[in-house]
Amino acid sequence: MDDLIGALAGSQVSFQPNSTAAEHPRFAMYKPKSNTVNQEARRKKFLEAQKRKRFDYASHARRLAFSKWDSSDETEEDNTEKENEDMDCEEFIPKPPRSYRNQLMLSEWLVEVPDDLEEQWFLKLCPVGKRCLIVASKGITKAYTKSGYNIMSFPSDLPGGNKVISSKPLHVYCFLDCIYNEVENTFYILDIMCWNSHPCFDSETEFRFYWMQAKIGECTGLQEITENHQYNFVPLPYYDCSKETIEKVLWSDLPFPSKLDGLLFYHKKSHYICGSTPLVGWLKAFMVPEMLGIEVPPALCTEKPSSYVSMQQHVPEAFEKHSKRKEEEEKTMYYEDD
């Protein structure tokens, strides 16, 4: 009976390796499962799978821009998938969903520090805020949560995002991966998925980040609040991942006025995929000394729970807080079925 109880206690209905919805596995009091520990092997599989993956991102971008999820597109898509000989890559890189839900690329806890961190990864500092998908099309700009809830609609200077700006035709569109800070009326841009109707889902991180900085830099009005542009759009800077650079960045002034939420690590060769991927890692600032051997300013360690004693006590509290926060957020949102 004791063996049976122990087995049931360790079982899970569903398991997503290193999900950032849970606490960092390093703090767990139980042994991590094999697919959690061997994160480096999973990274290699993701990189190999994206080379073989065949998906019509141009068609997907048009459907996402104009909300056209008709059955003929689905049939054509299915036929394309059947022709793909490497169907096993679906295990790592699934097709994007046919809605606004789960369109964002999500990180995993950085459980294992990559051997090539300095050479093949970028760092971004993330401000506190709500993660959202920005869709600018048909002369309006809309912000969606990760779950597909439309939280606001407004005009913007993004391509296709404003009916008033006649110089930009309404048939163009733009998708951005952002963090919204309500206090600052600002969308901090993490990544770019499509610009001026040109999708870059299957472009590598190194190109997407360069292109994002270049294109946003060309639109000076994006960082000014006007009657026809109610929110700032600010691209977050990215850095190399040498120890010297990470230490310098963390000990310098933050590139935004709000508090630091955490650190994102992007593999330079990763494509933009929907869902969780080990090619994007996440750490809280107070985890950096343990994981990377880099000291951080005391001010960045204030987020570490003062009541922290053990994971046995901390995990239930973390899950409960996450569940309550999500429940409260969804009370103020409505689902847009268009």
Side-chain angles (χ1 to χ4, degrees), residues 12-23 55 57 60-69 73-74 77 90 92-109 124 126-138 140-154 156 158 161 173-183 185-194 199 201 231 233 236 261-262 264 271-282 318-338:
Q12 300 184 55
V13 176
S14 62
F15 179 76
Q16 185 175 340
N18 309 318
S19 169
T20 55
E23 295 298 304
F55 186 77
Y57 282 106
H60 173 70
R62 288 192 295 271
R63 288 194 293 268
L64 196 62
F66 302 115
S67 307
K68 293 181 178 179
W69 314 101
D73 288 333
E74 184 176 18
E77 211 171 88
E90 282 287 332
F92 305 101
I93 306 177
K95 292 188 299 183
R98 293 164 52 80
S99 69
Y100 296 105
R101 179 184 179 89
N102 298 332
Q103 292 287 345
L104 297 175
M105 181 164 66
L106 306 178
S107 61
E108 293 184 359
W109 284 113
K124 282 200 173 191
C126 298
V128 171
K130 293 181 180 179
R131 187 78 175 275
C132 58
L133 165 69
I134 295 294
V135 177
S137 67
K138 298 182 290 187
I140 193 71
T141 304
K142 298 182 179 182
Y144 295 90
T145 66
K146 291 184 291 185
S147 301
Y149 288 86
N150 177 238
I151 54 176
M152 63 180 77
S153 300
F154 53 92
S156 77
L158 292 169
Y173 43 87
C174 170
F175 313 139
L176 298 175
D177 180 349
C178 295
I179 296 173
Y180 173 56
N181 187 289
E182 186 175 4
V183 176
N185 255 21
T186 298
F187 288 94
Y188 290 102
I189 308 172
L190 277 175
D191 212 332
I192 187 169
M193 303 144 80
C194 184
F201 293 90
Y231 299 90
F233 282 84
L236 288 169
D261 189 16
L264 277 175
H271 294 177
Y272 193 100
I273 64 174
C274 302
S276 178
T277 171
L279 298 176
V280 182
W282 172 255
F319 273 101
E320 185 179 359
K321 288 179 181 178
H322 177 75
S323 178
K324 286 182 178 179
R325 183 169 61 250
K326 184 176 180 181
E327 183 179 344
E328 289 300 317
E329 286 180 356
E330 294 189 352
K331 284 180 181 178
T332 62
M333 302 172 185
Y334 63 91
Y335 186 73
E336 179 164 281
D337 187 15
D338 54 1

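Numbering starts at 1 and runs along the sequence shown.
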Shortest non-hydrogen separation from Ile134 to Cys178 and the atoms involved: CG1-SG, 3.7 Å
Plane angle bin for Phe201 and Tyr57 - parallel if under 30°, tilted between 30 and 60°, otherwise perpendicular: parallel
Test item: Tyr100 side-chain N/O and Leu64 main-chain N/O as donor-acceptor pair under 3.5 Å: yes
Side chains of Thr141 and Cys174 in contact at under 4.5 Å (non-hydrogen atoms): no
Atom pair NZ (Lys124) and CD1 (Ile189), whose distance is rounded to the nearest 0.5 Å: 8.5 Å
Main-chain N/O of Ala65 paired with Ser137 side-chain donor or acceptor, under 3.5 Å: yes
Phe187 and Phe233 aromatic ring geometry - parallel, tilted or perpendicular at 30°/60° bounds: parallel
Distance-minimising heavy-atom pair for Ile140 and Ser153: CG1-CB, 4.3 Å
Tyr173 and Phe66 aromatic centres sub-6.0 Å: yes
Expected output: side-chain Ser99 to main-chain Arg101 donor-acceptor under 3.5 Å: yes
Test item: Leu190 and Leu264 side chains (from C-beta on) under 4.5 Å apart, heavy atoms: yes
Within-4.5 Å side-chain heavy-atom neighbours: Leu176 and Asp191: no
Note, Pro97 side chain near Asn102 side chain (heavy atom, < 4.5 Å): yes
Nearest-0.5 Å distance, OG of residue Ser276 to CE of residue Met105: 10.5 Å
Side chains of Leu133 and Lys142 in contact at under 4.5 Å (non-hydrogen atoms): no
Any side-chain heavy-atom pair of Thr186 and Tyr231 under 4.5 Å: no
Side-chain touch Met193/Pro199, heavy atoms, less than 4.5 angstrom: no
salt_bridge(Asp177, Arg131) N-O dist < 4.0 Å: yes
Between Tyr144 and Phe175, ring centroids under 6.0 Å: no
Any donor-acceptor N/O pair, Gln103 side chain to Cys274 backbone, under 3.5 Å: no
Separation between OG1 of Thr145 and CE of Met152, rounded to the nearest 0.5 Å: 11.0 Å
Within-4.5 Å side-chain heavy-atom neighbours: Tyr180 and Asn185: yes
